[in-house]
Amino acid sequence: MKILFLDQSGKPGGAELCLIDIAKPYRDRCLVGLFADGSFRDLLLSAHIPVEVLATSQIQVRKESSLGQGLASLSQLIPLVGKVVRKARKYDLIYANTQKALVVGALASFFSRRPLVYHLHDILSPEHFSKTNRRIAVTSANRFASLVIANSQASLNAFVAAGGRQDLAAIVYNGFDPKVYQIPESDVSQIRQHLGLHKQFVIGHFSRLAPWKGQHILIEAIAQCPENVTAILVGDALFGEQDYVQQLHQQVTALGLEKRVKFLGFRSDIPLLMTACDLIAHTSTSPEPFGRVIVEAMLCGKPVVAAKAGGAIELVEQGVNGFLVTPGNPQELAQTIITCLQETEKTMVIARHARATASQRFDVATINQQISQLLEKKFISKTD
Ligand code: UDP
C-alpha cells in the first residue's frame, strides 16, 4: 500500500515524532508532504523517509482562528490542494496527521478519489480549539475520512463530543522502541556532571514551552521543595510562545531559583536526559491528548508524576506505575516530589514496574501492526 502522509508542521512536536515511527515501515512506498520547512524534515530524511515540502508559505490559520481568518487563508490553500491532488494520484491513500493536513487532505481526497485517514493527535475541546476549527475538523473527518485513528480514549471522546462519527474511529496509542531508552550508566553520570547536577534530586520537564504545558506550575512547586531539588526544563517555544518564555524566566528570578532551574532548550537526546533525572514531571494544565513524555519516562525506568486529565489517566495508574496530581496545583505536585525524594525504594519499585509494562504496551512493532491491520481491513480489497 502506497501512502501519502501529510503534516502541516516543519517542527517536531509529538504528532510529528509519532509520524516518523508510523511512516518508517512504508519508507520504500510513501511520501511525507509537509506544509512548512524545518527540522522535522531533517529528522524524516535521517530516518530515510522520503519527504517534500509542498507549501511555499506558512498557512496563517491557528487553533483559535475564526471563520473569517480561515476564509482569508483560502488563497494559500487552493494551490496547495492542487499540488496534493497531483501527488495523491500516485498513492493509494492520503494519511493526514494534523488538522490543517486534514482539511487539505479532505479536499485532495475528493478530487483525487483517494481514501483519507485522519490521525487525531488533539483533544478537540474549547480549551484547545476555536468553535470554527472544531467544526471544520469534525465536518472534514465525518464527510471525507474513511478512518479516524485517535491517539487516546480522551481524544476520541472529545472528537465524538464535538460531533465526530464514532463508527469511523479506532484508538491506537503512540509506539516506542524500548531499546532507544536503555542508556549506559557511564553516559548518565557524565551528563549529570556536565550539567552540574551532582548530588541534586533532579526533576525533568520535557515539553515545548507553552502556557498549557504548565512549566510555571513546576517552578512554583520547586520553590516549595528542599534546596537539593532542582529542575531541568527541556524544550523550546515551538509555536511562538515567546511571552511565556519570558514570564518563566521572570518567575525563576522572582523566586530566587536561578541555580535550581535550568532551561536546556530543544534537545534531541531525550532518553539520555530523562535517565539523568530522578523524577519526570508532566504538568499540563489542560487535558493532554496522549503525553508521549509520560511513556518515555517509564521506558527510561524513571518515576513519573503526571497531571490527572486527558490521556495521562490512560497511561498512569496512581501508585502502580506512577503518580497523578491535580492539574494546576503546585502544592500537590511539591508534596509528591517530596514523597518521591523520601521514599526512594518504594518509588523505584513503581518505576521498574512501569518500565516493564510500558515496554510491552507501547512497543512500536505492536503499534505499527495495529495501524497496518486497520489500514488493510479498510482499504486492501479496494487497492489490490
Ligand atoms: N521533545 C524533544 N525535545 C525536546 C522536548 C520534547 O524531542 O526538547 C519530545 C518529547 O520527548 C516527546 C515530544 O517531544 O516525544 C512531545 O510529545 P508530547 O506528546 O509529550 O507533547 P506534544 O508536543 O505532542 O504536545
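What you see is a predicted model; the values in this text were computed from it and never measured. Just follow the structure's listing: the first ligand is 1, and inside any ligand the first atom is 1. All values below were derived from every heavy atom in this structure, side-chain atoms included, with hydrogens, water molecules and symmetry-related copies excluded.
- Residues that satisfy the salt bridge (charged side-chain N to carboxylate O under 4.0 Å, His left out) test with Arg165, not counting sequence neighbours, are Asp167.
- Short contacts between ligand 1 and Glu296, defined as distances under 4.0 Å to a heavy atom of the residue, involve ligand atoms 10 (C), 11 (O), 12 (C), 15 (O).
- For atom 17 (O) of ligand 1, the nearest protein heavy atom (residue, atom name, distance) is Gly14 CA, 3.4 Å.
- By the criterion of a heavy-atom distance under 4.0 Å, the side chain of Ile270, and not its backbone, is placed next to ligand 1.
- Scanning all protein heavy atoms for the shortest distance to atom 3 (N) of ligand 1 gives Arg267 O, 2.8 Å.
- Within the structure, the closest approach of Phe266 to ligand 1 falls below 4.0 Å when heavy atoms are considered.
- Looking at His282 against ligand 1, nothing comes within 4.0 Å, counting heavy atoms.
- Note: His128 and Trp212 have perpendicular aromatic rings, judged against thresholds of 30 and 60 degrees for the angle between ring planes.
- Looking at Leu17 against ligand 1, only its side chain comes within 4.0 Å, counting heavy atoms.
- Of the protein's non-hydrogen atoms, Arg292 N, 3.6 Å is the one closest to atom 18 (P) of ligand 1.
- With hydrogens left out, the protein atom closest to atom 5 (C) of ligand 1 is Val234 O, 3.7 Å, a heavy atom.
- The list of side chain to side chain donor-acceptor pair (under 3.5 Å) pairs with a residue in residues 182-203, not counting sequence neighbours, reads Arg192-Asp278.
- If you number the atoms of ligand 1 from 1 as listed, the ones under 4.0 Å from a heavy atom of Arg208 come out as 23 (O), 25 (O).
- Every atom of ligand 1 is numbered from 1 in the order shown, and the set under 4.0 Å from a heavy atom of Gly265 is 8 (O).
- Between Ser268 and ligand 1 there is no heavy-atom distance shorter than 4.0 Å.
- Proximity of a side-chain donor or acceptor of Lys2 to a complementary backbone N or O of Lys90 within less than 3.5 Å is detected.
- Salt-bridge formation is not detected for the pair Lys302/Glu296: no Lys NZ or Arg NE/NH1/NH2 atom is positioned less than 4.0 Å from an Asp or Glu carboxylate oxygen.
- Ligand 1 lies within reach of Lys213, whose nearest heavy atom is under 4.0 Å from it.
- Geometrically, Lys11 does not engage Phe40 in a cation-pi contact, judged by NZ or CZ lying under 6.0 Å from the ring centre and within 45° of the ring axis.
- Under a 3.5 Å cut-off, the side chain of Thr285 and the backbone N or O of Pro327 do not form any donor-acceptor pair.
- One finds the CG atom of Leu279 at 4.5 Å from the CD1 atom of Ile203 (value rounded to the nearest 0.5 Å).
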query = Yes or no on salt bridge (charged side-chain N to carboxylate O under 4.0 Å, His left out) for Arg41 and Glu52, after CA distance, side-chain angles and deciding distance?
reply = CA-CA 8 Å; Arg41 181 172 159 271; Glu52 203 175 308; over 6 Å; no

